[in-house]
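Indexing begins at 1, ligand by ligand and atom by atom, following the structure's order. Remember, predicted model here, so these are calculated numbers, not experimental data.
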Amino acid sequence: MSNNIESHLVEDRVFKPSKEFSKQARISSMAEYRRIWKESVANPGKFWAGEASELAWQTKWKKPLEWKAPDAKWFVGGKLNVSESCLDRHATGARRNKAAIIFEGEPGDKRVLTYAQLHREVCKFANVLTAQGVKSKDRVIIYMPMIPEAAIAMLACARLGAVHSVIFGGFSAESILDRLDDCGAKHVITADGGWRRGKVVPLKDNVDQALKKNKTVESVIVYKRTGQKVAMKKGRDHWWHELEEGVSGKHKAKAFDSEHPLFILYTSGSTGKPKGILHTSGGYLTGAYTTCKYVFDMRDDDVYWCTADVGWITGHTYIVYGPLAMGVTQVMYEGAPNFPDFGRFWQMVEEYGVSIFYTAPTAIRAFIKAGDQFPEKYDLSSLRLLGSVGEPINPEAWMWYHNKIGGGRCPIVDTWWQTETGAIMITPLPGATPLKPGTATLPFFGVDAAILDETGRECKANEGGRLVIRQPWPSMTRTIYRDKARFKKTYWSDYDGMYTAGDGARRDKQGNFWIVGRLDDVLNVSGHRLGTAEVESALVGHKAVAEAAVVGRPDDLKGQAVVAFVTLKGGIEGSPELLGELRNHVGTVIGAIAKPDDIHFAPALPKTRSGKIMRRLLKELVGTGNVTGNTTTLEDFGVLANLKKSIGRKK
Ligand code: WT7
């Protein structure tokens, strides 16, 4: 695996932005970056207030920031409607007939929504939601394919001050149920299905199954996308297009407090239960907007494409809120990158003249594996800037992206951030920062990032430690929904008044941040976070399983693969059938991304004398095959020897 420290240490290729790129960029030199960065961390309130003033506010704030760790209030006293900044001001101005979303469905259907049309659709749907009884602060679950209606639903909620919680379409019925129950949603917005690799994802069926065990949901709105037959429960389920009949496309946006909740997005943590990360309005939008402006350096003539799904934070910030607040034209795609083949993305880049392209290392690695013949077939000369997000990008993948996709001319912004940070935190600025393959480089404006050791001392160059943010920023999460205690414990208890990200990292002599990986029991599978405890609890939920331990193994494509060690209940024998059954079981409980890549049946798991499973040993075992770390606390050495044997047999 190339995201290990050794491979990073030898990386000395440096790519400076070209003169032409720098000349037209908003930030065009390191001197300018350093000057603004210094001022911005010396006075974050002032810096962010300057940016926030470029958004549409109905009432100006009295104070940019009120801070008492871990509670931040941004733009105190300010009132806005987030959807006005994203829609109304463009739709009523010069961008009225500019394309907001150029959509392509997986089967090849195409649709363009201008800012005026998108605005009208959102207004109409906001009126529909109001008629359905949706009110300010109500939680609304959105479980949709990657179609414009996903964004329309989100923005319509925002317009009403309702709190959306988008669930990734790849998650299972049980995952929907958990999230529904956690946030107490009364409304669900979904579709009959979505297209993925030529097949229908049965979204409505999954919702139906989840709702069998739920008591809070009163209404389900279903968008017709794929057209297959679905059950519609009378009184509860309604077709989107029927509800819209005769409904006005006009809607006056009411202003909400800057700290009004905007959305909840669930993400994995080190314990079994996903965390409902809460984001609020004015600060979040400011973070989304400002990073689009400087990191992607978005211009009015850009065609921007972020390949994420709206079910993840990347889709929230860099498909919906940021780009629309900037008034840019963007491409949106419903399906898989390899449908019908690995040329799909590049064909679309050529067809729409995409100039800014933002994707994940796992996708890049899959493209490398598929072969250069795919991108080589298409004209990619419209591209001017590339982005990467989700996990460390290995230098080999970086070089391929740079040369094969970027034609050697496009800067790559490797952006580090998290669901909790809301927006990009560590990143190059494309017209200024010298790039090194594998590092997200330097903190964004207003971001005071550092690496500390366990005692709180700042690490020296190349010394590994924990990544922290020492000052508040506007798009930071305000809490874990209904669990302030977990919020404090997870992010704010390591060091006084500082946010701990949960990542290990080091800085090189130039100050670049090299992210090494998660420090907690969280895996990064294809750029998505997965808690080992979640997978373990899914496995233990199967009737044959007594105990399970899950660890990550370095994987060329996914970054990390999911490896499970399972002990079976008395009398049950491990078999290839049971193996398949367990994989599918995890798929049903969480979703396909969580299916273990390997399952090892083991007679026992390595434990400490106090009974804790020693995942560290298992990780070493599946990684290097050798256990080198301290094993003195191991209760029974025979267990380890047996595991080594059983792994050896499988390989
Ligand atoms: C975790 C956050 C932010 C949207 C996608 C994932 C890892 C993210 C990078 C990067 C190295 C990265 C970190 C982080 N990560 N971007 N550019 N370089 N690592 O969001 O699911 O909240 O996961 O992803 O480990 O903590 P998320």
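- Nearest to atom 6 (C) of ligand 1 among the protein's heavy atoms is G527 O, 3.9 Å.
- Legend: ring-ring contact (aromatic ring centres under 6.0 Å, His included) pairs involving residues 445-479, not counting sequence neighbours, sorted by first then second residue: Y33-F445, F47-F445, Y294-F445, W473-Y499.
- Looking at W417, W416, F513, it is W417 that brings a heavy atom closest to atom 3 (C) of ligand 1.
- Taking a cut-off of under 4.0 Å to the non-hydrogen atoms of I313, the atoms of ligand 1 that pass are 4 (C).
- Legend: residues meeting side-chain contact (heavy atoms from CB on, under 4.5 Å) with A25, ordered by chain and number and at least two apart, are F21, D297.
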Would K484 and D71 count as a salt bridge (charged side-chain N to carboxylate O under 4.0 Å, His left out) here? Give the steps. CA-CA 10 Å; K484 194 73 188 229; D71 297 309; 2.5 Å; yes
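- Residue contacts with ligand 1 include G390, since one or more of its heavy atoms lies under 4.0 Å from the ligand.
- The contact set between ligand 1 and V389, taken as ligand atoms under 4.0 Å from a residue heavy atom, comprises 3 (C), 4 (C), 5 (C).
- When only non-hydrogen protein atoms are considered, atom 23 (O) of ligand 1 lies nearest to R529 NE, 3.3 Å.
- By the criterion of a heavy-atom distance under 4.0 Å, both the backbone and the side chain of P392 are placed next to ligand 1.
- Heavy atoms of G502 come nearer than 4.0 angstrom to ligand 1 in no pair at all.
- Comparing heavy-atom distances from atom 20 (O) of ligand 1 across T419, V522, V516 singles out T419 as nearest.
- Interface of N524 with ligand 1, defined as ligand atoms under 4.0 Å from a residue heavy atom, comprises 7 (C), 24 (O).
- In this pair, Y333 and F345 present their aromatic rings perpendicular. The plane angle is above 60°, beyond the 30 to 60° band.
- For ligand 1, the atoms closer than 4.0 angstrom to any heavy atom of T314 are 4 (C), 5 (C).
- Closest to atom 25 (O) of ligand 1, if we only count protein heavy atoms, is D503 OD1, 2.8 Å.
- Checking each of W305, Y289, F444, Y358 against F296 for a ring pair (Phe, Tyr, Trp, His ring centres under 6.0 Å) leaves exactly one that passes, namely Y358.
- Contacts of E391 with ligand 1, taken as heavy-atom pairs under 4.0 Å, involve the backbone alone.
- In this structure, R518 has a heavy atom closer than 4.0 Å to ligand 1.
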